[in-house]
Structures are given as structure tokens and as C-alpha cells.
Amino acid sequence: MTKGELVHDGTNSNVMFPDAMAWRRFIFALPRNRACDMMEWSWTQSFMDGHVIKDEIFAAINISVFLGGTRIGRVKNVDCEPPSSRYYATRDIRKDEAILSGILSVAYGVI
């Protein structure tokens with residue numbers, strides 16, 4: 001992938017929860033092992049609602065769950081243009097290199 005290339009567009013596949021309680025009801029309705037997965041695949045994100053930027057809870061339900069979070073010593077190579085769900089390469093990414101987004105996790109904070 002080259003710098004600036006669209007890596008993932010979650011506009012039509014990400015699930016946005018109306019509030020934290022709705023997210024909790026969803027998580028607790030799942031079998032335990034699936035609940036743990038969905039907690040890992042959830043994050044907070046700012047988005048535009050009219051002229052107001054709001055923070056909401058999202059979850060991915062497709063292959064985008066494998067966008068890796070950044071940790072110490074790992075620098076993200078994709079970033080989203082707030083307030084959208086489109087992720088672009090911030091530099092050239094080699095074949096077999098991990099895609100690291102620095103996504104915020106509801107369960108763990110910034111990862």
C-alpha cells in the first residue's frame with residue numbers, strides 16, 4: 001500500500017451504539033468468549049452530527065477487527081480522518097507488515 005491509499009472504509013459496516021448502556025446490554029447478551037472478542041473490537045470515536053462533533057462507541061463486525069493497535073515501540077501506519085471511519089496509509093506499507101491504527105479501545109483505553 002502506498003502513502004495516502006485508502007486501507008479501510010468502515011462507513012457502512014461499523015456499528016454505532018446510541019449510548020454506553022446499549023453497548024453494555026449488547027456485550028452482556030453475548031456468550032462470554034464472544035463478549036470478550038467484541039470488547040476488543042470496540043472503540044470510541046468522534047464523528048460529525050450536523051455541526052457538532054460527538055464521541056460515540058463503535059464496534060467492528062468484519063475483517064477490520066484485525067487493524068492492530070499501537071503499543072510501546074510500535075508506531076501507527078494508518079489513521080482515520082475524523083470524523084469519518086475511513087483509514088488511510090500514513091506511509092508506504094510493505095507486504096506482510098502489520099496494519100497499526102492506534103484505535104481507542106473501550107475496554108483498555110489507547111492501545
Side-chain angles (χ1 to χ4, degrees):
M1 286 177 253
T2 59
K3 182 178 179 177
E5 184 176 341
L6 179 65
V7 175
H8 170 69
D9 184 353
T11 304
N12 296 319
S13 62
N14 292 339
V15 176
M16 183 178 78
F17 293 89
D19 55 40
M21 189 53 69
W23 179 82
R24 288 183 193 105
R25 282 193 304 269
F26 171 71
I27 294 297
F28 287 114
L30 297 170
R32 187 178 194 127
N33 62 338
R34 296 293 177 243
C36 290
D37 289 341
M38 286 307 301
M39 287 173 60
E40 277 289 318
W41 301 336
S42 299
W43 70 95
T44 59
Q45 180 177 326
S46 298
F47 80 103
M48 189 66 80
D49 183 10
H51 297 304
V52 178
I53 295 179
K54 298 174 77 175
D55 293 322
E56 296 291 346
I57 300 173
F58 288 82
I61 55 170
N62 61 16
I63 197 164
S64 69
V65 300
F66 296 111
L67 287 173
T70 55
R71 291 182 174 81
I72 295 172
R74 297 173 70 180
V75 178
K76 67 181 174 181
N77 53 19
V78 298
D79 203 2
C80 97
E81 290 183 348
S84 78
S85 292
R86 292 179 190 92
Y87 288 82
Y88 296 89
T90 58
R91 61 172 175 77
D92 290 349
I93 302 172
R94 297 180 312 272
K95 181 180 178 184
D96 297 325
E97 184 179 356
I99 297 176
L100 304 172
S101 64
I103 290 174
L104 298 178
S105 168
V106 171
Y108 303 108
V110 178
I111 56 171

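Using a 30° and 60° split on the angle between ring planes, F58 and W43 fall in the parallel class, below 30°.
Here salt bridge (Lys or Arg N to Asp or Glu O under 4.0 Å) pairs that include residues 11-38, with residues two or more places apart or in two chains, are R34-D37.
Contacts of T90 classified as side-chain hydrogen bond (donor to acceptor under 3.5 Å, both in side chains), with partners at least two apart in sequence or in another chain: none. For R86, the side chain to side chain contact (heavy atoms under 4.5 Å, CB included) partners at least two apart in sequence or on another chain are L6, D9, T11, S84, Y88. In terms of the side chain to side chain contact (heavy atoms under 4.5 Å, CB included) criterion, residue partners of P18 (sequence neighbours excluded) are, by chain and number, A22.
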Give the intermediate values and the outcome of side-chain contact (heavy atoms from CB on, under 4.5 Å) for residues M1 and V7.
CA-CA 8 Å; M1 286 177 253; V7 175; 3.5 Å; yes
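How far CZ of F26 is from CD1 of I57: 12.0 Å, rounded to the nearest 0.5 Å. W23 CH2 to M39 CE: the interatomic distance, rounded to the nearest 0.5 Å, is 5.0 Å.
For the pair M38/L30, a side-chain contact is recorded, criterion being any heavy-atom separation below 4.5 Å from C-beta on.
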Solution key, residues 92-100 side-chain donor-acceptor pairs under 3.5 Å, sequence neighbours excluded:
residue : atom : partner : partner atom : Å
D92     : OD1  : K3      : N            : 2.8
E97     : OE1  : R94     : N            : 2.9
E97     : OE2  : R91     : NH1          : 3.1
E97     : OE2  : R91     : NH2          : 2.5

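Closest approach of S13 to I61, counting heavy atoms only: O-CG1, 3.5 Å.
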